Structure formats: structure tokens, C-alpha cells
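I have placed the structure first, in the form of C-alpha cells, so that the comments after it can refer back to it.
In what follows, chains are A, B, ... by sequence order, proteins preceding strands, each numbered from 1. This structure is a prediction, so every number in the text was calculated from the model and none was measured.
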Amino acid sequence: MNKQQFIRRRRPVWKAFEKRVDHLRGISLKRMTAKEISEFSRLMRELANDLATIRSRDWGQSLVDYLNGLLARGHNAFYSAPPGRLNQVTQFLAAGFPRLLRANVGYFLVAAALFFLPGAIAWTVIQNDPSLATRILPPQAMEQFDQMYGPTDKTDPDSDGDDTEETSTSEWSDDEDDDSNQFGEERAAMAGFYVQHNVGIALQCFARGVLLGIGTIYTLLYNGIVIGAVGGYVLSLGHTEKFVSFIISHGSFELTAIAIAGGAGLMLGDALLHPGNRTRGEALLERSSQAVQIAAGAAVMLMIAALIEAFWSPAPIPAIYKYVVGTLLWLVVYAYLFLAGRNHAA
Amino acid sequence: MASAAVSPSVSSGSLDLVIETPENVLLTWQLAGPAWRLAAYAVDFAIRASFLVAGCIAMTVVALVLPGTAIGSLLLLMFLLEWGYTIGFEYFWQGQTPGKRLCGLRVIQDNGQPLSWWSATLRNLLRAGDTIPFLLIYGEHAGLLILIPCYGPALIAMLLAPRLQRLGDLAARTVVVHEKRPELPRPPMILDKIDAIPRDELGSRLPRPATLALIDEFLARREVLSYERGHALAGPFAEALARSLGYRGDPQLVEQYPMAFLARVHVTFARQRDADGDDDSPARRRPRKAGAAAS
């Protein structure tokens with residue numbers, strides 16, 4: 001059989017396959033019946049056979065390109081990644097993430113040191129000499145802190161139930177209980193801000209580890225120093241109870257998660273700097289598959305932190321409740337990170 | 001089989017990805033370079049920007065009633081567009097974002113498998129490492145700040161990596177490939193009046209299948225070239241072919257009309273091989289009429 005005969009004879013099959021690929025691109029594989037799938041698979045094997053025949057008989061690059069392209073599209077459409085299950089997500093959060101973190105705890109500790117030590121130093125130095133704060137914090141930010149933690153109370157009673165507040169505000173507008181309305185709205189705005197800002201910072205902190213770890217180290221040091229400076233400055237103003245009761249609850253999730261994301265970033269940097277007996281590429285491949293999971297866990301923690309920070313931390317309730325809950329949350333976070341998923345350790 | 005063994009080594013020199021599929025056939029993908037990927041990125045950027053603008057418009061309405069919720073939702077939308085857009089699309093659309101689909105690109109694992117969840121996450125999170133430095137553009141109103149990513153590390157990595165991968169691709173074991181829609185090549189245009197070369201004007205050697213395929217493809221795309229240019233290109237080939245076949249016929253044909261000579265060779269040997277019928281049933285051995293190759 002010569003080339004033209006072969007093309008004539010096989011053309012209908014190729015065209016049929018082309019139609020199926022176009023069809024499959026629009027829909028999910030799951031919506032195909034078993035019969036359609038086996039038919040598709042059979043056609044694919046036939047095309048693979050044709051491609052091999054054409055290659056072996058040297059029947060020209062354009063024909064090879066055509067069949068190769070067609071088969072490649074079929075391949076891409078047909079072999080899809082296994083679908084995710086909710087079960088896997090819960091399994092990951094319940095056991096996979098803390099287990100991976102413990103397996104790479106050294107990186108977490110280094111990142112925590114890079115984050116908390118400069119923070120503590122900045123904190124103590126600035127608390128003792130608040131004038132130094134101007135060297136770190138921009139003046140607008142300092143004014144803002146003066147306002148935020150200043151003597152004028154912007155919030156009044158009306159405590160819990162953020163949901164009810166939101167619905168109430170939508171029902172009646174800003175004539176009566178204006179304060180609670182504003183407060184609830186402010187929380188909603190801050191929740192969005194904390195997710196966008198904090199989770200973004202943590203993910204960047206992780207991602208920039210791929211630049212030999214320099215980006216991660218910079219982000220950790222910078223944020224540690226700024227957060228420490230803010231703490232020291234606000235405390236030097238004498239708003240200790242207000243500030244500490246504010247940060248203690250979400251700090252457990254937030255500060256820890258930033259150190260975790262930083263640790264994941266350091267894993268990437270370390271893989272590139274100290275690949276051991278592998279090539280740098282292989283070391284990066286091996287380390288990054290774990291690092292990305294750790295970073296994803298940190299992102300989830302930061303989203304929890306954002307909710308706490310927006311809705312619980314500024315709640316106008318006696319500080320003692322916040323101290324108790326905050327302390328409990330610190331215990332919960334570290335118990336989770338260091339104990340969860342132990343029994344299934346494989 | 002020889003060609004199957006040769007083609008991957010040839011391809012590895014060019015910018016192709018060669019993979020053996022579960023069907024035991026070698027598939028090649030053309031790797032996508034920075035230009036096409038930038039185009040896809042620009043499309044995605046425009047889509048994301050329009051989502052954000054739409055969100056702003058919707059939220060200005062909501063803000064009349066719920067100012068805080070509006071700001072919060074807008075910030076959440078920004079977060080999702082920045083981090084979730086590419087991860088979500090690439091995972092659920094099997095390695096394509098709207099921009100990549102428009103540009104005919106797809107992300108796959110470098111072993112030809114579909115993009116997995118963690119690979120999609122990793123390559124898109126590491127985008128934050130790939131994109132720096134940023135170009136800062138301040139808008140008219142203070143505070144309106146546009147960050148244009150420059151993809152510095154990504155470009156360097158793509159120049160150095162063997163498969164045009166940026167850092168995120170290297171870490172996630174992914175490549176971006178072109179997903180072409182090639183057309184079935186047209187049969188060569190050979191006039192009916194062209195006859196086979198008589199046996200006594202030829203030596204005993206047969207042209208190789210690859211040579212015939214080359215003639216086939218050249219003649220199929222004959223109309224791309226002007227008449228003179230076609231003859232000029234075909235000239236050296238026709239001469240070499242005439243020599244190797246031991247052609248003893250009219251030398252004018254080879255010198256003056258090399259394309260016609262190629263066509264005659266094609267008619268001669270395509271039909272001859274057909275009659276020889278290397279692996280066919282006897283039913284296929286019936287002789288065909290002269291112009292059949294043109295159909």
C-alpha cells in the first residue's frame with residue numbers, strides 16, 4: 001500500500017477522531033459514557049498505530065506532524081489529572097500538613113528564628129526608646145497607631161454575632177445603631193484586607209525562596225522587624241492591654257504561619273544551594289513537592305488567622321476573655337502542628 | 001524503525017518535547033517560548049483586569065448599603081484573581097487558562113502526563129519568584145499603583161533550561177507546549193498528462209521512501225512558490241536524484257524542468273511501489289490509471 005492509498009483508507013478514522021477530540025475539549029471526560037470512552041481509547045490506539053506506520057515508512061514530515069498533533073491533542077484531552085476529593089483536603093489538613101512540617105522542622109525553626117529574633121530585638125529596643133521607631137515605621141503609620149490604640153474609644157458594647165449585624169445593616173440603613181453598623185462593616189472590610197494582604201505576603205515569602213532563599217530571608221527579616229517595631233512602639237505609648245489582647249488570638253495562627261511559609265521558602269533555597277549528590281534541578285524537584293504543600297498549609301492557617309483577626313480580636317469584650325482564648329489558641333496551634341497525624345505515621 | 005529511532009534525537013536538538021505515550025508511540029510537542037506565553041499572559045491579564053473592574057462597579061453599588069463588606073469582597077476578589085485564577089483554571093481545564101486556550105498553549109507535566117493539582121499550585125505560586133523585578137507605574141491619583149511584572153528570573157531560567165521552563169516549571173516538572181491543529185496534508189498536485197519514466201531510461205536503484213516523501217511534500221506545496229523559484233529550488237535536488245537513479249533519458253528535462261522531472265519520478269515510483277504492493281492483499285495489486293496519484 002502506498003502513501004496516498006493509506007491516507008485515503010485511514011482518513012475517515014482520523015476525521016472521526018478529530019471530531020471526538022473537539023467534542024471532548026468542550027466537556028468533561030466524566031460525562032462520557034463507558035462505551036464512548038472505550039471507543040475513544042480504541043481510536044487513539046489506532047492512530048498511534050498509524051503514526052508508527054508512517055514513521056517507519058518515512059512517509060514525510062507533514063503527515064507525521066498531522067497525526068502527531070492530532071494524537072497529542074487526544075492525549076491531552078483524554079488523560080486528565082485524577083479528580084480531587086474533599087476527603088483528600090481534610091486528610092491533608094488533619095495529618096498530611098503537620099506531618100510534612102515535622103519532617104522538615106529544621107527549616108521551620110530557622111525561619112522562625114529569622115522572623116521572631118529580629119522582631120523581639122526591635123520590640124525591646126523600641127519599647128525602651130520609642131524615638132527609634134521613626135527609623136523603621138513611616139510617620140503616617142505611627143499616627144495611625146496613635147489613633148487606633150489612642151484613648152478615644154471607637155467601639156461600644158454590641159459584641160458578638162457578626163452575621164446578625166450584617167443582615168441587620170442590610171435591612172435598616174444607618175439611622176439607628178450607627179456604631180454597630182460601622183463596626184461590623186469595618187470588620188468585613190478588614191477580613192478581606194487580611195486575606196489579601198497577609199496570605200499574599202506569606203505566599204510571596206514562600207515563592208521568593210526559589211531565588212536562592214534570598215527573597216524569603218529578606219521578607220522574614222523585614223516583617224519581623226516591622227511587626228516588632230509596631231509592638232514596641234504601641235506598648236511604649238502605654239496601650240499594653242489593648243494591643244496584647246488584640247494580637248494574642250490571631251497571632252498564634254498568623255505569626256506561626258508566616259514562619260512556616262518562610263521555612264517552606266528556605267527549603268527551596270536550600271535545595272538550590274546545597275543539592276548534595278543530585279543536580280540542582282533534581283534537588284529542587286524533590287524538595288519543592290513538599291515545600292508547596294507546607295506553604296499551602298500555611299496559607300490555610302493565615303486565612304483562619306484573618307477571620308480571627310477581623311471578627312474576634314477587635315471584639316469589644318473584656319480583655320481577660322481574649323487572653324484566655326488567645327492562650328488556648330497558641331496551645332491548639334502548636335499541639336496541632338506537633339501532634340496531629342502522629343498515629344498514622346508511616 | 002530506523003526513522004523512529006532517529007526522530008527523537010533530531011527533535012531534541014530543536015525545541016521539542018518527545019514522550020513515549022501509554023500507546024507505545026513517540027509523541028512530540030513543540031515547546032512554547034516566551035513570546036507566545038507572554039501573549040497568553042496578556043490575555044489573562046486583560047481578563048483579570050476586567051473582572052476587577054466589573055467587581056469595582058458592582059461593589060460601588062453594594063457600598064451604598066454595606067461599605068465595609070464591599071471593600072472586603074473587593075480585596076478578596078483581588079486575592080483570588082492574583083493567586084487563585086491561574087491555579088484554578090490550570091487544574092480544572094487541564095493545564096489551560098483562557099489566555100493559554102486562546103493562544104493554543106497547554107501546561108503538561110514533562111513526562112506527558114496531565115497537570116496535577118500540586119504542580120499547578122507550585123508553578124503558579126512560584127510565579128511570585130519569577131515575576132520580579134516589578135515595573136512601578138503610579139496612576140494620576142495618589143495610591144493608584146500598577147505593578148507590571150518583568151519576569152526577570154523567568155526569562156533567564158527559560159534561556160538556560162533545556163525545555164524553556166521558568167523557575168516554577170522547573171520546580172513543578174511542567175512544560176508549556178503548543179497544541180496545534182495541523183491540517184491533513186494535501187496530496188501532491190500532479191497533472192494527468194505526466195507519464196512515468198520508461199524503465200530503460202533508469203538504472204536499477206530505487207529511491208528511498210524518504211526521498212519520495214520529500215518529493216510528495218514539495219509538490220503538495222508547489223503553489224506556495226513562483227514558477228521560477230520552484231524550478232530553482234528543485235534543480236539541485238533533481239540533478240542529484242537523476243544521478244543516483246542513473247537516469248539516461250532527456251537531460252533537458254532535468255536541467256530545464258526539474259519540477260516536472262520530480263513529478264515523473266513520483267509517478268513512476270509511487271505507482272511502481274503500488275504495483276509491487278509490499279504488504280498488501282492481492283486485491284490491492286490491481287494497476288491504477290496514470291493520473292490516480294493526482295486525486
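The CG atom of A:Asp58 sits 10.0 Å away from atom CG of B:Leu212, with the distance rounded to the nearest 0.5 Å. Expressed to the nearest 0.5 Å, how far CG of B:Leu184 lies from CG of A:Leu70 amounts to 9.5 Å. Atom CE of A:Met303 is separated from atom CZ of B:Phe79 by 4.0 Å, given to the nearest 0.5 angstrom.
Across B:Asp216, B:Leu170, B:Thr121, B:Leu77, the residue that shares the most heavy-atom pairs under 4.5 angstrom with chain A is B:Asp216. Note: A:Gln61 leads A:Met190, A:Arg287, A:Gln61 in heavy-atom pairs under 4.5 Å with chain B. Of the listed residues (B:Ile71, B:Leu122, B:Thr131, B:Leu76), the greatest number of heavy-atom pairs within a distance under 4.5 Å of chain A belongs to B:Leu122. Interface check for chain A: of the options B:Ala70, B:Pro114, B:Gly168, the most heavy-atom pairs under 4.5 Å are formed by B:Pro114. Contact tally against chain B (heavy-atom pairs below 4.5 Å) for A:Gly265, A:Ser62, A:Ala310: the top residue is A:Ser62. Interface check for chain A: of the options B:Gln94, B:Arg173, B:Met78, the most heavy-atom pairs under 4.5 Å are formed by B:Arg173. Annotation: maximal heavy-atom pairing with chain A below 4.5 Å, among B:Leu115, B:Ile19, B:Val25, occurs at B:Val25. Residue with the most contacts toward chain B among A:Arg45, A:Met44, A:Glu18, A:His75: A:His75 (heavy-atom pairs, distance under 4.5 Å). The most heavy-atom pairs under 4.5 Å with chain A, out of B:Leu80, B:Leu74, B:Asp130, B:Leu126, come from B:Leu126.
The salt bridge (Lys or Arg N to Asp or Glu O under 4.0 Å) search around A:Arg42 returns A:Glu39, A:Glu46, not counting sequence neighbours. Shown here are the salt bridge (Lys or Arg N to Asp or Glu O under 4.0 Å) partners of A:Arg278, two or more places apart in sequence or in another chain: A:Glu286.
When heavy atoms are compared at a cutoff of 4.5 Å, B:Tyr91 approaches chain A solely by way of its side chain, counted from C-beta outward. Heavy-atom distances place both the backbone and the side chain of A:Ala72 under 4.5 Å from chain B. Both the backbone and the side chain of A:Asn68 have a heavy atom closer than 4.5 Å to some heavy atom of chain B. Of the two parts of B:Ile108, only the side chain, counted from C-beta on, holds a non-hydrogen atom closer than 4.5 Å to a non-hydrogen atom of chain A. If you measure heavy-atom distances from A:Arg11 to chain B, the contacts under 4.5 Å come from the side chain alone. With a 4.5 Å cut-off on non-hydrogen atoms, A:Leu268 touches chain B through its side chain but not through its backbone. Only the side chain of B:Glu82 comes within contact range of chain A, with at least one heavy atom under 4.5 Å from a heavy atom of that chain.
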Would you give me the side-chain donor-acceptor pairs under 3.5 Å for residues 205-218 of chain A, sequence neighbours excluded?
from, atom 1, to, atom 2, distance (Å)
A:Arg208, NE, B:Ala128, O, 3.4
A:Thr216, OG1, A:Cys205, O, 2.7
A:Thr216, OG1, A:Gly209, N, 2.9

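Ring centroid separation for the pair A:Phe92 and B:Trp117 does not come in under the 6.0 Å cut-off.
Between A:Tyr66 and B:Glu183, the shortest heavy-atom contact is CD1-C, 3.3 Å. Nearest heavy-atom pair, B:Ala171 versus A:Leu285, reported as atom, atom and distance to 0.1 Å: O-CD2, 3.4 Å. Residues B:Leu27 and A:Leu51 come closest through the heavy atom pair CD2-CD2, 4.0 Å.
Residues of residues 193-201 of chain A lying under 4.5 angstrom from chain B, judged on non-hydrogen atoms, are A:Phe193, A:Val195, A:Gln196, A:Val199, A:Gly200 by number.
Counted by atom type alone, B:Glu179 and A:Asn76 present one or more donor-acceptor pairs between their side chains at under 3.5 Å.
Under the 4.5 Å side-chain criterion, counting only non-hydrogen atoms from C-beta, A:Gln293 is in contact with B:Trp118.
Without hydrogens or angle criteria, B:Arg106 side chain to A:Arg73 main chain gives no donor-acceptor distance under 3.5 Å.
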